[in-house]
Protein chains: 2
Amino acid sequence: MFIEIDFNSEEAFYIQLRNQIIIGIATNQFQEGDTLPSVRQLADSVGINMHTVNKAYSVLKQEGFIRLDRRKGAVIALDANKLHAMEELQENLRVVLARAVCKGVAEEEVHQMVSEIFREMS
Amino acid sequence: MFIEIDFNSEEAFYIQLRNQIIIGIATNQFQEGDTLPSVRQLADSVGINMHTVNKAYSVLKQEGFIRLDRRKGAVIALDANKLHAMEELQENLRVVLARAVCKGVAEEEVHQMVSEIFREMS
DNA sequence: TCTTTTGTTATATCCATAATATAACAACTG
DNA sequence: CAGTTGTTATATTATGGATATAACAAAAGA
């Protein structure tokens, strides 16, 4: 899987890493039990500091996407708290969809886009 | 329309204001041509600084949701750049849906939630 | 065993951003 | 004229993002 940093983005580096890894899990490029690169290794390969990668991993652990093993490192391990995920999804969608609606995006267009994204991820 | 600040939220005050106003527009609580409270007035009523409200308004203008009129103040005025809105929507959905998918949320559940949010907003 | 790599923790610094506090000015309102 | 408006400027404080070293215990490989 290719992970890279957009140094011109306004998004924090550790957020970019987190999002890319989450998308990697959703697209099955990372699977349950797979190990992520070591913090030093990933930091080196994308050109940022070790602690920034460490922060991304810490957030991913705190949010229930990986497990930090003393011997194996960062291991993909989902604690699927679906109730919590649904609440988070709803709050996120409320803002994201409101923005789109204001700009004239229709409901059918959103449904189509959702379907397309699921197609990409399956 | 009720605007309020969650002082315990991790979200920046000006982002909270921005999102609530956008949701207000999407739900027709604010309509094209309506004026928002003056920066001093809104700052006073929600208990934050004038400049924080000013920043929220500046962002809303920059993102094409309001127009800043010398005499009327902040006026709801949408420049509906739909192409841009669709691109932004897609990028946002990619991350938001990936998070949900990892936690076991199914495509139908997303479609249902989208429909429900559109029902709330119409 | 020795060496290397690993995760982890602890400081420290630098910079940008968020939020606040005054202040001032031009323009509009009553 | 007095009050309110948007706007701009400056300054301060606090927080968060990113980096730089450094150190240590545990695991892995030779």
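Letters A, B, ... are given to chains in the order of the sequence lines, protein chains preceding strands, and every chain is numbered from 1.
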For each nucleotide in nucleotides 21-30 of chain D, reading 5' to 3', give B when a protein heavy atom comes within less than 4.0 Å of its base, S when such contact involves only the sugar-phosphate, and - otherwise. BBB-BSS---

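The cationic group of Lys55(A) does not satisfy the cation-pi geometry with Phe13(A), failing either the under 6.0 Å distance to the six-membered ring centre or the 45° limit from the ring axis.
Between Lys55(B) and the phosphate of dA18(C), there is a side-chain N or O to OP1/OP2 separation shorter than 4.0 Å. The shortest distance between the side-chain N/O atoms of Thr52(B) and the OP1/OP2 oxygens of dA18(C) is not below 4.0 Å. At the phosphate of dA18(C), OP1 or OP2 sits under 4.0 Å from a side-chain N or O atom of Tyr14(B). Applying the 4.0 Å criterion to OP1 and OP2 of dT5(C), one finds that Ser38(A) has every side-chain N and O outside that range.
Salt bridge annotation for Arg67(B)-Glu32(B): absent, with no cationic side-chain nitrogen under 4.0 angstrom from a carboxylate oxygen. Under the 4.0 Å criterion applied to side-chain N and carboxylate O atoms, Glu107(A) and Arg119(B) are not assigned as salt-bridge partners. Salt-bridge check for Asp79(B) with Lys103(A): passed, with a basic side-chain N closer than 4.0 Å to an acidic carboxylate O.
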Test side chain to side chain contact (heavy atoms under 4.5 Å, CB included) on Arg40(A) and Met50(A) and set out the steps. CA-CA 5 Å; Arg40(A) 287 177 175 84; Met50(A) 185 192 91; 3.7 Å; yes

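When the C1' atom of dT6(C) is taken as reference, atom CG of Leu42(A) falls 14 Å away, rounded to whole Å. Separating the CG atom of Asp44(A) from the P atom of dG7(C) is a distance of 13 Å, rounded to the nearest angstrom. Look at CZ on Phe7(A): it is 10 Å from P on dA18(D), rounded to the nearest Å. Distance, Ile5(B) CD1 to dT20(C) P: 9 Å, rounded to whole Å. Distance, Asn54(A) CG to dA18(D) P: 13 Å, rounded to whole Å. Put simply, CG on Asp69(B) is 15 Å from P on dA27(C), counting in whole angstrom units.
Mapped onto DNA chain D by nearest heavy atom, Val39(B) and Ala12(A) fall at different nucleotides, with Val39(B) at the one closer to the 5' end.
Within 4.0 Å (heavy atoms only), Tyr57(B) reaches no atom of the nucleic acid at all.
Counting only distance, with no hydrogens or angles, the side chain of Ser9(A) and the backbone of Asp6(A) share no donor-acceptor pair below 3.5 Å. Here the side chain of Gln16(A) pairs a donor or acceptor atom with the backbone of Glu11(A) at under 3.5 angstrom.
Among the nucleotides dT20(C), dT6(C), dT19(D), the one closest to the side chain of Phe13(B) is dT20(C). Of the candidates dT5(D), dT8(C), dT7(D), the closest approach to any side-chain atom of Leu68(A) belongs to dT8(C).
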